[in-house]
Amino acid sequence: MENVYDLNYSEDALLTRVLFLSSDIKLNVFVEDIDKEYEYEELFERLLPSSIEIGCIFPTGGKLRLEEAYHLFGTTNDYGKTFFIADGDFDLALERDIIIADNFIYLDRYNIESFLIHKETIIKFMRPKLKKTFSETKKTIKYDEWLNCIVPYFEKLFSLHYVVQKNCHEIENVKRGYSRFLLSNGLPKEEEYIKYLNEISTYVPNVENEVYDSIIKLRNIYSTGLFVCGKYYIGSLKLYLNTFLRKKLSDDDIRSALLSGFDLSVLSKLRQKIFSYLVME
């Protein structure tokens with residue numbers, strides 16, 4: 001059952017109560033991603049007040065292991081305060097069984113990277129590299145043009161991934177990665193999408209109609225563009241920005257810049273869920 005504080009208390013009220021209860025709250029966090037503990041540490045440093053100490057960040061290597069870890073460590077107080085963060089993936093759309101608990105959250109976007117994309121942060125990141133002012137950098141990289149081009153393409157691609165997971169989950173889908181579906185400048189490589197679509201058409205009749213219907217369904221559940229894996233956006237953005245630079249960027253370069261500057265308000269549900277859990281009697 002969800003904590004009543006989620007319904008009755010604002011985020012500010014929850015934070016006030018957290019600070020009142022303790023000046024040194026220790027929280028252990030379980031996540032899916034391996035070797036990304038430092039990223040979650042930086043995220044929590046920005047997201048949570050300093051009075052909440054993140055004791056350990058435990059990567060489990062996948063959602064099934066994360067859910068197993070919850071049943072081992074998250075249902076009692078024997079291990080202190082523990083909180084579990086799962087990627088959203090297509091769980092809602094596929095109507096998968098989920099854990100409902102005060103200390104377990106499924107993100108409302110595909111994964112944590114899906115929250116990071118942020119225009120102003122990227123312009124500030126590119127400003128010293130291009131040695132231009134903010135307004136000049138904005139005009140040069142044309143961030144909005146890139147985003148308006150890539151979002152519809154990725155929505156189409158991820159709707160196809162969704163159709164595959166729903167109908168023939170044994171076929172590789174999201175793990176195909178972003179690189180095969182993009183040109184060297186980070187923009188859509190339509191012929192690869194068509195190749196993938198034709199491959200799936202041997203398993204799913206009228207697959208194009210299925211993809212179209214799925215886009216509508218996924219937008220209604222997650223909102224436009226939010227059901228796309230953030231790693232795809234980061235990969236596309238890296239390739240696109242590299243067209244303006246001699247010294248090429250890596251995915252980690254983009255991730256690091258975004259982590260330090262993305263808009264935290266998009267994670268307000270996560271923050272409030274943590275606050276709600278911490279003030280439980």
Side-chain angles (χ1 to χ4, degrees), residues 32-34 36 61-67 86-98 106-117 145-243 250-252 254-255:
E32 292 189 39
D33 294 329
I34 292 176
K36 296 299 179 183
K63 183 169 295 175
L64 290 179
R65 290 184 179 274
L66 180 74
E67 291 169 341
D87 291 341
D89 299 321
F90 293 130
D91 288 356
L92 286 177
L94 293 171
E95 299 180 353
R96 290 173 173 158
D97 291 337
I98 62 172
Y106 294 85
L107 297 173
D108 56 1
R109 300 189 185 186
Y110 191 89
N111 55 10
I112 196 68
E113 291 89 349
S114 303
F115 291 88
L116 302 183
I117 302 302
E145 290 186 17
W146 163 76
L147 192 66
N148 291 335
C149 176
I150 207 66
V151 167
Y153 177 67
F154 277 163
E155 283 195 324
K156 183 172 63 174
L157 176 59
F158 267 76
S159 293
L160 181 53
H161 285 330
Y162 166 73
V163 169
V164 172
Q165 288 192 24
K166 184 174 67 170
N167 296 283
C168 38
H169 56 82
E170 70 280 1
I171 297 176
E172 188 177 49
N173 46 89
V174 177
K175 288 186 178 180
R176 292 173 185 243
Y178 67 82
S179 58
R180 73 171 65 186
F181 296 106
L182 297 173
L183 299 170
S184 60
N185 62 1
L187 298 181
K189 192 174 184 180
E190 289 284 353
E191 60 268 28
E192 281 298 321
Y193 170 77
I194 297 300
K195 181 179 177 182
Y196 181 26
L197 188 73
N198 290 336
E199 174 191 343
I200 303 307
S201 68
T202 62
Y203 301 90
V204 181
N206 301 315
V207 65
E208 290 187 71
N209 291 335
E210 285 273 341
V211 168
Y212 176 79
D213 291 342
S214 296
I215 289 175
I216 297 172
K217 176 179 180 177
L218 293 168
R219 282 178 178 172
N220 286 335
I221 295 174
Y222 303 97
S223 192
T224 300
L226 303 187
F227 54 88
V228 174
C229 172
K231 295 181 178 72
Y232 278 60
Y233 281 127
I234 290 170
S236 171
L237 188 56
K238 174 199 70 176
L239 294 172
Y240 177 69
L241 295 178
N242 278 340
T243 64
S250 67
D251 286 13
D252 285 343
I254 305 295
R255 292 172 71 104

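Owing to the predicted nature of the structure, the values given are computational and were not obtained by experimental measurement.
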side-chain contact (heavy atoms from CB on, under 4.5 Å) partners for [X], two or more places apart:
{"X": "Asn111", "answer": "Asp87, Glu113, Ser114, Cys229, Lys231"}
{"X": "Ser250", "answer": "Asp252, Asp253"}
{"X": "Ile221", "answer": "Leu92, Ala93, Lys217"}
{"X": "Glu199", "answer": "Ile171, Arg176, Tyr196"}

Begin from the C-alpha positions of Trp146 and Leu237 and carry the test side-chain contact (heavy atoms from CB on, under 4.5 Å) through to its verdict.
CA-CA 8 Å; Trp146 163 76; Leu237 188 56; 3.8 Å; yes
Under the side-chain contact (heavy atoms from CB on, under 4.5 Å) rule, what do Ile112 and Glu32 come out as? Steps first, then yes or no, please.
CA-CA 10 Å; Ile112 196 68; Glu32 292 189 39; over 6 Å; no
side-chain hydrogen bond (donor to acceptor under 3.5 Å, both in side chains) against [X], all qualifying residues, sequence neighbours excluded:
{"X": "Arg219", "value": "Glu155"}
{"X": "Arg180", "value": "none"}
{"X": "Asp213", "value": "none"}
{"X": "Asp251", "value": "Tyr178, Lys238"}

Taking only residues two or more places apart in sequence or in another chain, which ones pass ring pair (Phe, Tyr, Trp, His ring centres under 6.0 Å) with Tyr162?
Phe90
Residues which pass ring pair (Phe, Tyr, Trp, His ring centres under 6.0 Å) with Phe154, listed by chain and number, not counting sequence neighbours
Tyr232, Tyr233
Check step by step if side-chain contact (heavy atoms from CB on, under 4.5 Å) holds for Leu160 and Glu210.
CA-CA 8 Å; Leu160 181 53; Glu210 285 273 341; over 6 Å; no
Any side-chain heavy atom of Asn167 within less than 4.5 Å of one from Val207?
no
Keeping to residues at least two apart or across chains, list the ring-ring contact (aromatic ring centres under 6.0 Å, His included) pairs with something in residues 198-230.
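For residues 198-230, and leaving out neighbouring residues, there are no ring-ring contact (aromatic ring centres under 6.0 Å, His included) pairs at all.
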For Asn220, look at atom CG and say whether over 12 heavy atoms of other residues, nucleotides or ligands are found less than 6.0 Å away.
yes
Going by atom type alone, with no hydrogens or angles, which donor-acceptor pairs under 3.5 Å involve a side-chain atom of residues 184-194 and a protein atom two or more places apart or on another chain?
| from | atom 1 | to | atom 2 | distance (Å) |
| --- | --- | --- | --- | --- |
| Asn185 | OD1 | Leu187 | N | 3.1 |
| Glu190 | OE1 | Lys156 | NZ | 3.0 |
| Glu190 | OE2 | Lys156 | NZ | 3.4 |

